Protein chains: 2
Amino acid sequence: MLDPVSRVRRFNRAVTSAVGALDTSFLGRGRPLGAARVLNAIGHGRSDVAEIRDYLALDSGLMSRLLRSLEDEGLIETTAHADDARRRVAKLTREGRREFAAYEALSNAQAESFLAQHSQADALLAAMDLIASALTRERVALNEMDPQSEEARYCLGEYYAELGRRFKQGFDVSLSRDPDARDMRRPRGTFMVAISDTLPIGCVGLKGTDYGYAEIKRLWVAPAARGLRLGRRLMDAAEDAARGLGITLLRLDTNSALPEAGQLYRTTGWREIPRFNDDPYPDLFFEKQL
Amino acid sequence: MLDPVSRVRRFNRAVTSAVGALDTSFLGRGRPLGAARVLNAIGHGRSDVAEIRDYLALDSGLMSRLLRSLEDEGLIETTAHADDARRRVAKLTREGRREFAAYEALSNAQAESFLAQHSQADALLAAMDLIASALTRERVALNEMDPQSEEARYCLGEYYAELGRRFKQGFDVSLSRDPDARDMRRPRGTFMVAISDTLPIGCVGLKGTDYGYAEIKRLWVAPAARGLRLGRRLMDAAEDAARGLGITLLRLDTNSALPEAGQLYRTTGWREIPRFNDDPYPDLFFEKQL
DNA sequence: AGCATTATCTGACTTTAGTCAGATAATGCG
DNA sequence: CGCATTATCTGACTAAAGTCAGATAATGCT
């Protein structure tokens, strides 16, 4: 009744029936679920037929027929791939875009009505983020992105907000040594964002310097994604990128108010060194030889 | 990307594919999903054919055929209902119980492996409870139960633990006037447990006294179920039960460290009165004329 | 008793999903 | 160039799910 396994199974049952209702909504537009799923995959930017087939785990014969039926409806057009005429590329027609928008509106309305029904939406959303992150853990992509991209800026904003909450004295970016975006772009450095199904849930910056080492900056993992060893994955990726750039020495600074960060560094080959900058926030300094 | 609707939709996607995997596990025993679902419904105690059909939303023709195929496999037996020979009642045979147990083992193993894969299981379970409660809110049953039943004792244990956390001085049941279970059984009183799909998520006691009034005791709502107005439902049910028992005056005591409780009482027709007992914990006393 | 209602069953469908063995055409590579 | 490989398509299936119009028998109600 109250053991963890029962609780997981209760969640499964609750969600299965809710998701069932969600699926049937996709049937509200007079189209079989398979065709609707393909249309939506195309609408969400997947154009390569093989990619869609792979994503939706469809047999090639079935896929071909579904594409044909969407073509007959006038919702998509397929053309040969520019580089490889065996492959086909699908895109929405004007009418297909309209139909896709209708599905999007349906999904949005469903999500909105769910939110409207529940007063404690914040707690609910946090719980949903946590579960979604856990379920998609193995599908988290680490993408190199511009430090001024929308995704990167979102992560940094969350990062600063968290520092503000966790430092006794708060956190003001302008007092800190905010790294120049140019130092976190190739060839001087890089910036990586962990994306879980479109949602940014973590980041790390590699900042080039002129002093014979590079710095790790802005390591952040969304609260909903903690415990999934994402911090370690981000650090590994940053170190790999550094090696690729010919960097042999890394440094970073952190604060003892972030014990999980210090713990991560200590267990992954970093050693504590004396202060190497005059930033007012950090009180711990590390170095790692690659 | 980060708006609430996107977050809900991300959760839906994550859970849909996870649930898909769950469904296919039901196919591992050489039986179509429909038949497996019916077998499991019967195994979980649903015996009335009409009830199962309703629960699984099956057409009567389809249902009939699924029952036949399970009968042919020797997993179930159907008999006419004792009171109404038109209705049929299905129950598992010995072999059916064995097969059902195999499905149960599969589900448990799946839940266990999910838990094993995730280090922060406590946070994950709390999030799952919250979501499951929200999704099944309209299906929460208020059952009259013995105050010494397993479900009731679970609720009371959680209730005491929460008082311990929220009272500055902690909470020790033995110092409080722990109501005698007999006073919370008919005809003197009653005890109700809110059950969401097998999980107790709230309770309330109605305690009879010899002083011309009854008391409301042990009103508790699980953290995962707050915000769903369950406290109000429990109170309404307790008041209804009191009316049914011919009780016309209710009293209760509470503590100002539980502001949401005081708020609930004040907005539902209770008025504050002077202390009417010598229990060391409460500092607020209410009364309501029915 | 007579008649409408109800629960289930049966037969005759259709639709959707999925499988599999080739066919066709483009590409990569020695 | 020739041949293996690859991506897609077509035809010929099967299985599962679902629909619908009666048939059958028990029940409720007057």
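Lettering of chains follows the sequences in order, A, B, ..., and the numbering in each one begins at 1. None of these values were measured; they are calculated from a predicted model.
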Walk along nucleotides 17-30 of chain D from 5' to 3' and tag each nucleotide B, S or - by protein heavy-atom contact under 4.0 Å, base first, then sugar-phosphate. SBBB-----BS---

Less than 4.0 angstrom between a side-chain N/O of A/R68 and OP1 or OP2 of D/dC9, yes or no?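 True: A/R68 side-chain N/O within range (under 4.0 Å) of D/dC9 OP1/OP2.
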
DNA chain D contacts among residues 46-54 of chain A, heavy-atom distance under 4.0 Å: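 Contacting residues: A/V49, A/A50, A/R53.
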
Using a strict 4.0 Å threshold on nitrogen-to-oxygen distance, state whether [X] and [Y] make a salt bridge.
X	Y	result
A/E112	B/R9	no
A/E71	A/R68	yes
B/R243	B/D240	yes

Heavy-atom distance under 4.5 Å between the side chains of B/R29 and B/L106, does that happen here?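 Of all side-chain heavy-atom pairs linking B/L106 with B/R29, at least one is under 4.5 Å.
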
Using a 6.0 Å distance limit plus a 45 degree cone around the ring axis, check whether B/R46 lies over the aromatic ring of B/Y55.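 Ring-cation test returns yes.
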
Taking any strand in view, what nucleotide pairs with D/dA25 in a Watson-Crick or G-U wobble way, both distances under 3.5 Å?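 Partner of D/dA25: C/dT6.
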
Both distances under 3.5 Å, Watson-Crick or G-U wobble: report the partner of C/dT19, or none.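 Because both required distances fall under 3.5 Å, C/dT19 counts as paired with D/dA12.
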
Under the criterion salt bridge (charged side-chain N to carboxylate O under 4.0 Å, His left out), I'd like the reasoning laid out for B/R98 against B/E95: C-alpha separation, chi angles, the key distance, then a yes or no. CA-CA 5 Å; B/R98 196 179 315 129; B/E95 207 180 328; 5.1 Å; no

Counting only pairs under 3.5 Å, give me each side-chain donor-acceptor contact of residues 82-91 of chain B, with atom names and distances, residues two or more places apart or in other chains.
{"from": "B/D84", "atom 1": "OD1", "to": "B/R86", "atom 2": "N", "distance (Å)": "3.0"}
{"from": "B/D84", "atom 1": "OD1", "to": "B/R86", "atom 2": "NE", "distance (Å)": "3.1"}
{"from": "B/D84", "atom 1": "OD2", "to": "B/R86", "atom 2": "NH2", "distance (Å)": "3.0"}
{"from": "B/R87", "atom 1": "NH2", "to": "B/D48", "atom 2": "OD2", "distance (Å)": "3.1"}
{"from": "B/R88", "atom 1": "NH1", "to": "B/T78", "atom 2": "OG1", "distance (Å)": "3.0"}

Distance-only, no hydrogens or angles: does the A/T136 side chain make a donor-acceptor pair with backbone N or O of B/A14 under 3.5 Å?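 No: the side chain of A/T136 does not pair with the backbone of B/A14.
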
Interatomic distance, [X] [atom1] vs [N] [atom2] [rounded to whole Å]:
X	N	atom1	atom2	answer
B/I76	C/dT8	CD1	P	12 Å
A/L67	C/dG18	CG	P	15 Å
B/D72	C/dT10	CG	C1'	14 Å
A/M63	C/dT16	CE	C1'	16 Å

